[in-house]
*Asks:* 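One structure follows; several queries about it will come next.
Index from 1, following the sequence.
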Amino acid sequence: MPLEMNREVFITCAVTGSGGTQDRSPHVPRSPEEIAQSAIAAARAGAAIVHCHVRDPETGAPARDKAFYREVTERIRDSEVDVVLNLTAGMGGDLVFGRPDAPLPLQPGTDMIPAEERVAHIAECRPEICTLDCGTMNFAEADYVMTNTPGMLRAMGSMMTELGVKPEIEAFDTGHLWLAKALVQEGVLASPALVQLCMGVPWGAPDDLNTFLAMVNNVPKDWTWSAFSLGRHQMPYVAASVLAGGNVRVGLEDNLWLGKGVLATNAQLVERARGIIEGMGAQVVGPEAVRQRLGLEKRAPLA
C-alpha cells in the first residue's frame, strides 16, 4: 500500500477500561469522580475523545451501573473543558466456562444480558459515540469468551443508530471488519463508519505490522479509523497509525506505563502521544473538528 500519512490526527484516551488493573497502579481511576477528572485532564492534554468505562468505587471492579455512567457524563459535560464523550457498550457479553472436562454450568463472572439492557446507559446518557465490539473471541483468560453474536450486534447497532449515537466499531480481527461491513450494507449502521483497530489483544489480531496493514487494508476508504496496541507497544502504534493514515488511541485501559518503572497518568500518555504526532509533522485536532468530521451532535443526558 502507498504511504498516506494522516496530517490531521485526533487522539482518543481510553480512561480506565474493564480489566483487573485497579490494584496495579494508583493512577487507574475507580469512582465516577476520579474517572471524570482523569478524562478532563486527558482532554486538557490534547485528547479530542475520551472513552469511558465505569468501576465499583470501593473495589475498582468493572461495573455497568447506569448511575455511575450518569455521574461520569454529567461531571465531564459540566466542566469547562470540551471533549467528545465515548461510552462503552461492551459490558454484558461475558461467558465463563468451567474446566474442559466440565464446561457447564457457566461459572462466576458470566454476565450475559439483553441488547436493550446493554445500551440502556447509552439511551439515558446520550454520548456522541459508543462502542460496538464487532465479534466474538477468546479473550486472554483460559475459559472466558467475549460474546457478540451477529443477532446481538444487529439489535444493538440498530438501537444505537435510532438513538443518534455514532457506534465506534471495535475490531479485534479481520473477520470483525467483515461483519462490520455487512452491518453497514444492511443499513444497521450508517456509512461512513467509525472503526477502532484493536491490536495485540489475546487472542485477536497480533500487533505485528503485517497483520496491522491487513486490518488497515480491510477498512473501507471512506471510513474513519483509529488504532492502538497494548503495553510497551502503545506508543509505537501511535506512529504506525499516523503513518498508515489513521488516528490514535492511548490511555490506562491499554497501558499503565510511561517508561520502564514509571507508572503513567492518562494525561501523560496523551502528552506523549501528542509529542510523537507533532514530531512527525502532523497536527492534533480537537473535539469540534472531530464532530464535524464524524457528523456528531453534542446532547445533554435525559432528565
*Asks:* Tell me which pairs pass ring pair (Phe, Tyr, Trp, His ring centres under 6.0 Å) where either residue lies in residues 77-125, with sequence neighbours left out.
*Replies:* Y69-H121
*Asks:* Taking only residues two or more places apart in sequence, or in another chain, which ones meet E297 in a side-chain hydrogen bond (donor to acceptor under 3.5 Å, both in side chains)?
*Replies:* none
*Asks:* Minimum heavy-atom separation for G251 to C13, with atom names?
*Replies:* CA-SG, 4.1 Å
*Asks:* Among residues at least two apart in sequence or on other chains, which ones pass ring pair (Phe, Tyr, Trp, His ring centres under 6.0 Å) with Y237?
*Replies:* F212
*Asks:* Nearest 0.5 Å, please: how far is CD in E288 from CG in D82?
*Replies:* 6.5 Å
*Asks:* Answer whether the closest heavy-atom distance between the side chains of W257 and R232 falls below 4.5 Å.
*Replies:*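 Sidechains of R232 and W257: no contact.
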*Asks:* Go through the structure and list residues passing side-chain contact (heavy atoms from CB on, under 4.5 Å) with P220, not counting sequence neighbours.
*Replies:* K181, D222, W223
*Asks:* Please report the closest heavy-atom contact between A48 and V285, naming both atoms and the distance.
*Replies:* CB-O, 3.7 Å
*Asks:* Quick one: do R55 and E34 make a salt bridge, cutoff under 4.0 Å?
*Replies:*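 No.
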*Asks:* Side chains of N247 and V9: does their closest heavy-atom pair fall under 4.5 Å?
*Replies:* yes
*Asks:* Looking at A14, is its backbone amide N or carbonyl O close enough to the side chain of R249 to form a donor-acceptor pair, meaning the two atoms are under 3.5 Å apart?
*Replies:*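 No, the answer is negative, given that no donor and acceptor are paired below the 3.5 Å cut-off.
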*Asks:* Let me see the working for L132 and L189 under side-chain contact (heavy atoms from CB on, under 4.5 Å), right down to the final yes or no.
*Replies:* CA-CA 10 Å; L132 185 67; L189 304 181; 4.1 Å; yes
*Asks:* Could you tell me which non-hydrogen atom of T21 sits nearest to which non-hydrogen atom of V28, and how far apart they are?
*Replies:* O-CG2, 3.7 Å
*Asks:* For the residue pair I129 and L294, establish whether any side-chain heavy-atom pair is separated by less than 4.5 Å.
*Replies:* yes
*Asks:* Among all residues two or more places apart in sequence or in another chain, which pass the ring pair (Phe, Tyr, Trp, His ring centres under 6.0 Å) test with Y144?
*Replies:*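 Y144: ring pair (Phe, Tyr, Trp, His ring centres under 6.0 Å) contacts with F139.
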*Asks:* So M146 and F172, do their side chains get closer than 4.5 Å, heavy atoms only?
*Replies:*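 Touching, per the 4.5 Å side-chain cut-off.
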*Asks:* So how far is it from L179 CG to E186 CD, rounded to the nearest 0.5 Å?
*Replies:* 8.0 Å
*Asks:* To check you understand the geometry: which heavy-atom pair defines the closest contact between D173 and G204, and what is its length?
*Replies:* OD2-C, 3.9 Å
*Asks:* Check whether any side-chain heavy atom of V284 lies under 4.5 Å from a side-chain heavy atom of F10, and answer yes or no.
*Replies:*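 The answer is no, as the side chains (C-beta and beyond) never meet within the 4.5 Å cut-off.
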*Asks:* If the condition is side-chain hydrogen bond (donor to acceptor under 3.5 Å, both in side chains), which residues does R118 pass it with, not counting sequence neighbours?
*Replies:*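 Scan of R118 (side-chain hydrogen bond (donor to acceptor under 3.5 Å, both in side chains), adjacent residues dropped) gives N148.
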*Asks:* Report yes or no: do V145 and V201 belong to one cluster of Ile/Leu/Val/Met/Phe/Trp/Tyr joined by side chain heavy-atom distances under 4.5 Å?
*Replies:*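 Different hydrophobic clusters.
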*Asks:* Filter on salt bridge (Lys or Arg N to Asp or Glu O under 4.0 Å), then keep only pairs touching residues 273-285, sequence neighbours left out; what's left?
*Replies:*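 Output for this query lists R274-E278.
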*Asks:* Go through the structure and list residues passing side-chain contact (heavy atoms from CB on, under 4.5 Å) with S18, not counting sequence neighbours.
*Replies:*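 If we apply the side-chain contact (heavy atoms from CB on, under 4.5 Å) test to S18, skipping adjacent residues, the hits are H53, P62, M91.
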*Asks:* Could you tell me the separation between the CG atom of L263 and the OG atom of S25, rounded to the nearest 0.5 Å?
*Replies:* 4.5 Å
*Asks:* Using only atom types and a distance under 3.5 Å, with no angle test, would you say the side chain of N6 pairs donor to acceptor with the backbone of G246?
*Replies:* yes
*Asks:* M159: which residues meet the side-chain contact (heavy atoms from CB on, under 4.5 Å) condition with it, sequence neighbours left out?
*Replies:* A115, E116, V119
*Asks:* Using 0.5 Å steps for rounding, measure from the CG atom of D254 to the NE2 atom of H233.
*Replies:* 13.5 Å
*Asks:* Would M137 end up clustered with L153 when hydrophobic side chains under 4.5 Å apart are linked, directly or stepwise?
*Replies:*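 No, no single cluster joins them.
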*Asks:* Looking at CE of M152 and CE of M112, how far apart are the two atoms once the value is rounded to the nearest 0.5 Å?
*Replies:* 5.0 Å
*Asks:* With a 4.5 Å heavy-atom cut-off, do N255 and V250 have their side chains touching?
*Replies:* no
*Asks:* Could you walk me through whether L243 and M280 pass the side-chain contact (heavy atoms from CB on, under 4.5 Å) test, one step at a time?
*Replies:* CA-CA 9 Å; L243 281 173; M280 295 170 69; 3.5 Å; yes
*Asks:* What's the separation between atom CD in E271 and atom CG in N266, rounded to the nearest 0.5 Å?
*Replies:*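 The CG atom of N266 is 11.0 Å from CD of E271, to the nearest 0.5 Å.
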*Asks:* As a quick check of understanding, evaluate side-chain contact (heavy atoms from CB on, under 4.5 Å) for I76 and C52, giving each step before the final call.
*Replies:* CA-CA 11 Å; I76 291 173; C52 298; 4.2 Å; yes
*Asks:* Could you list the residues that satisfy side-chain contact (heavy atoms from CB on, under 4.5 Å) with L163, not counting sequence neighbours?
*Replies:* I122, A123, V165
*Asks:* Decide whether I169 and V219 are clustered together by the hydrophobic rule: side chain heavy atoms of Ile, Leu, Val, Met, Phe, Trp, Tyr closer than 4.5 Å, transitively.
*Replies:*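 Yes: a chain of side-chain contacts under 4.5 Å links I169 to V219.
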*Asks:* Where do R272 and L258 come nearest, in terms of heavy atoms and distance?
*Replies:*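 Taking every non-hydrogen atom into account, NH1-O, 3.3 Å.
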*Asks:* Out of curiosity, does M199 fall in the hydrophobic cluster containing F228 (side-chain heavy atoms, cut-off under 4.5 Å, transitive links)?
*Replies:* no
*Asks:* Quick one: does L269's side chain get under 4.5 Å of L252's, heavy atoms only?
*Replies:*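 They are in contact (side-chain heavy atoms under 4.5 Å apart), so the answer is yes.
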*Asks:* Can you list the residues that meet the side-chain hydrogen bond (donor to acceptor under 3.5 Å, both in side chains) rule with H27, with sequence neighbours excluded?
*Replies:*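 For H27 there are no side-chain hydrogen bond (donor to acceptor under 3.5 Å, both in side chains) partners, ignoring immediate neighbours.
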*Asks:* Between T224 (side chain only) and L194 (backbone N and O only), is there a donor and an acceptor less than 3.5 Å apart?
*Replies:*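 Between the backbone of L194 and the side chain of T224 there is no qualifying donor-acceptor contact (under 3.5 Å).
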*Asks:* Between R30 and P57, is there a donor-acceptor pair closer than 3.5 Å when you use the side chain of the first and the backbone of the second?
*Replies:*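 Not at all, since once roles are kept as given, no pair shorter than 3.5 Å links the two residues.
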*Asks:* Between the side chain of R299 and the main-chain N/O of E128, is any donor-acceptor distance below 3.5 Å?
*Replies:* no
*Asks:* Quick one, T16 and S38 - any side-chain contact, counting heavy atoms below 4.5 Å?
*Replies:*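 Answer no - side chains too far apart.
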*Asks:* Counting N and O atoms only, with roles assigned by atom type, does the side chain of Q107 sit under 3.5 Å from a partner on the main chain of P105, one being a donor and the other an acceptor?
*Replies:*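 Yes, Q107 side chain to P105 backbone: donor-acceptor pair under 3.5 Å.
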*Asks:* Is a donor on one side and an acceptor on the other found under 3.5 Å between the side chain of T12 and the backbone of I49?
*Replies:* no
*Asks:* Please check: side-chain N/O of D65 versus main-chain N/O of A67, any donor-acceptor pairing under 3.5 Å?
*Replies:* yes
*Asks:* Quick one: do I11 and V290 end up in the same hydrophobic cluster if we chain Ile, Leu, Val, Met, Phe, Trp and Tyr together by side-chain heavy atoms under 4.5 Å apart?
*Replies:* no
*Asks:* Just jot down the side-chain hydrogen bond (donor to acceptor under 3.5 Å, both in side chains) partners of N86, sequence neighbours excluded, or say none.
*Replies:* H51, E168
*Asks:* Ignoring hydrogens, what is the shortest heavy-atom contact between K166 and A193? Give both atom names and the distance.
*Replies:*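 Reported closest heavy-atom pair: NZ-CA, 4.2 Å.
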*Asks:* Is there a donor-acceptor pair under 3.5 Å between the side chain of T131 and the backbone N or O of A89?
*Replies:*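 Checking the backbone N and O of A89 against the side chain of T131, a donor-acceptor pair under 3.5 Å is found.
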*Asks:* Any sub-3.5 Å donor-acceptor pair from R154's side-chain atoms to L183's backbone N or O?
*Replies:*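 No, R154 side chain to L183 backbone: no donor-acceptor pair under 3.5 Å.
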*Asks:* Would you check, one step at a time, whether the test side-chain contact (heavy atoms from CB on, under 4.5 Å) holds for V72 with V15?
*Replies:* CA-CA 11 Å; V72 168; V15 176; over 6 Å; no
